[in-house]
Amino acid sequence: MHSRVEEAEKILDKQFDVLDHGFVRLVDYMGSDDRIVQSARVSYGEGTKTYRQDKGLINYLLRNDHTSPFEQVVFTFHLKMPIFVARQWVRHRMGRMNEISGRYSVMKDECYIPDKDHIALQSEDNKQGRKDEAVDSATAEKIQNMLKAEQDRIFSNYHELLDMGIAREISRIDLPLSLYTEFYWQMDLHNLVHFLALRMDGHAQYEIRAYANVIFDIVKVVCPIAAEAFENHKLNGISLSGKERDAVKKILNGEGNPLSGRDLEIFLAKLK
């Protein structure tokens, strides 16, 4: 049975803006919640049932990592983002991607400059991230001006090289990581859920989280039951080690928390 979601049809090709020049567009989708339950029940010849039964089945499948039925749902997105975000994106190797090429096209003079609220010092306890607090307004403005001046200089050189007749594949080589790129990206729901769990997490870089949040809003339109199950069991759920599981049992039995030191810190952090 072909899956058609009326609310999803309304947002096909609609542009959802992200950052200063980026966007997310849903180009196409195949399947929805009904495709998941049809796939899961095919082994004994049954498809969709009542909403309550289908919801219960999808929650069971997601909670217990029965992932193959979710692979039956496929999304195709058109994305525009800074290159440094795209380089994080391609680490998720189960997606199919076709990107604009600077060998064939003259790249647009569009680079990312972060808002003042997202310019911060290096975190002291997170080697790969920034502090939660932004720098003061004057410092942020100075940094924005520095980035803009450098981007303008690089693009001036880029166009001078093109005007000289230098090949596009050579002219492009000094373009910055802040340059915007575009690509089509296709991924099934199983792998998309894994992508979202990692990239919506508070430890992910702000810029990629901004895109992941918009994509999840789109997933909620196409697969509302699966999206709700993902929020409950994966996004807002936690996994416990064997030691942590035993600690929870003792706490529930009124024996107190046996964890201490670093083990206790990690356990409490999961509960935040």
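Here, residue 1 is the first one in the sequence, and each next residue gets the next number. The shown structure was predicted, so the numbers you read here are calculated from the model rather than taken from an experiment.
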| query | Which class fits the ring pair Phe75 and Phe77: parallel under 30°, tilted 30 to 60°, perpendicular over 60°? | reply |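 Phe75 and Phe77: parallel rings.
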| request: Give a yes or no on this: more than 12 heavy atoms of other residues, nucleotides or ligands lie within 6.0 Å of atom CD of Gln122. | output: yes
Please tell me if the side chains of [X] and [Y] come closer than 4.5 Å, counting only heavy atoms from C-beta onward.
| X | Y | value |
| --- | --- | --- |
| His66 | Tyr60 | yes |
| Glu110 | Lys80 | yes |
| Leu189 | Val74 | no |
| Ile266 | Lys243 | no |
| Met30 | Arg35 | yes |
| Phe155 | Leu175 | yes |
| Pro176 | Glu150 | no |
| Phe195 | Asn191 | no |

State plainly whether the residues [X] and [Y] are in salt-bridge range, i.e. N to O under 4.0 Å.
| X | Y | result |
| --- | --- | --- |
| Glu169 | Arg103 | yes |
| Lys148 | Asp152 | yes |
| Glu207 | Arg87 | no |
| Lys249 | Glu255 | no |

Using modelled atom types and a 3.5 Å cut-off, is there a donor and acceptor pairing between side-chain atoms of [X] and backbone atoms of [Y]?
| X | Y | answer |
| --- | --- | --- |
| Glu244 | Ser241 | yes |
| Asp115 | Asp117 | no |
| Tyr112 | Leu177 | no |
| Glu228 | Ile225 | no |
| Glu182 | Met81 | no |
| Asn236 | Glu231 | yes |
| Asp54 | Asp33 | no |

Measuring from [X]:[atom1] to [Y]:[atom2], what's the distance to the nearest 0.5 Å?
| X | Y | atom1 | atom2 | result |
| --- | --- | --- | --- | --- |
| Cys223 | Asp34 | SG | CG | 8.5 Å |
| Leu179 | Phe84 | CG | CZ | 11.5 Å |
| Cys111 | Leu147 | SG | CG | 9.5 Å |
| Leu26 | Leu12 | CG | CG | 5.0 Å |
| Arg199 | Ile208 | CZ | CD1 | 4.0 Å |
| Ile166 | Ser171 | CD1 | OG | 6.0 Å |

Return the minimal non-hydrogen interatomic distance between [X] and [Y], and the atom names on each side.
| X | Y | result |
| --- | --- | --- |
| Ala229 | Leu62 | C-CD2, 3.3 Å |
| Ala204 | Leu198 | CB-O, 3.7 Å |
| Ala226 | Ile58 | CA-CG2, 3.8 Å |

| message | Tell me which one of Phe183, Phe23, Trp185 satisfies ring pair (Phe, Tyr, Trp, His ring centres under 6.0 Å) with His78. | response |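 When ring pair (Phe, Tyr, Trp, His ring centres under 6.0 Å) is applied between His78 and each of Phe183, Phe23, Trp185, only Phe23 qualifies.
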| request: Could you walk me through whether Tyr184 and Val27 pass side chain to side chain contact (heavy atoms under 4.5 Å, CB included), step by step? | output: CA-CA 9 Å; Tyr184 270 47; Val27 176; 3.8 Å; yes
| message | Between Lys234 and Asp65, does the salt bridge (Lys or Arg N to Asp or Glu O under 4.0 Å) criterion hold? Intermediate values first, please. | response | CA-CA 10 Å; Lys234 302 298 181 182; Asp65 294 321; 2.6 Å; yes
| request: Could you please spell out the steps behind the side chain to side chain contact (heavy atoms under 4.5 Å, CB included) verdict for Asp174 and Tyr158? | output: CA-CA 8 Å; Asp174 203 29; Tyr158 173 61; over 6 Å; no
| Can you check side chain to side chain donor-acceptor pair (under 3.5 Å) on Glu9 and Tyr29, steps first, answer last? | CA-CA 9 Å; Glu9 295 292 319; Tyr29 67 96; 2.6 Å; yes
| task | Mind running side chain to side chain contact (heavy atoms under 4.5 Å, CB included) on Gln151 and Ile113 for me, showing each step along the way? | result | CA-CA 10 Å; Gln151 291 164 0; Ile113 295 180; 3.6 Å; yes
| request: Mind running side chain to side chain contact (heavy atoms under 4.5 Å, CB included) on Val73 and Asp188 for me, showing each step along the way? | output: CA-CA 6 Å; Val73 180; Asp188 66 67; over 6 Å; no
Using atom types as modelled, flag every donor-acceptor pair under 3.5 Å from a side chain in residues 93-100 to any protein atom, sequence neighbours excluded.
unit_1 : atom_1 : unit_2 : atom_2 : d
Arg93  : NH1    : Arg91  : O      : 3.4
Arg96  : NE     : Gln186 : OE1    : 2.9
Glu99  : OE2    : Thr181 : OG1    : 2.6

Side chains of residues 212-221: which donor-acceptor partners sit under 3.5 Å, not counting sequence neighbours?
unit_1 : atom_1 : unit_2 : atom_2 : d
Asn213 : ND2    : Arg209 : O      : 3.2
Asp217 : OD1    : Lys220 : NZ     : 3.3

Is the closest side-chain donor-acceptor distance between [X] and [Y] under 3.5 Å?
| X | Y | value |
| --- | --- | --- |
| Tyr180 | Asp20 | yes |
| His118 | Arg130 | no |
| Ser68 | Glu71 | no |

| message | Going by the rule side-chain contact (heavy atoms from CB on, under 4.5 Å), which residues pair with Asp136 if we only count those two or more places apart in sequence or in a different chain? | response |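 side-chain contact (heavy atoms from CB on, under 4.5 Å) list for Asp136, sorted by chain: Ala138, Thr139.
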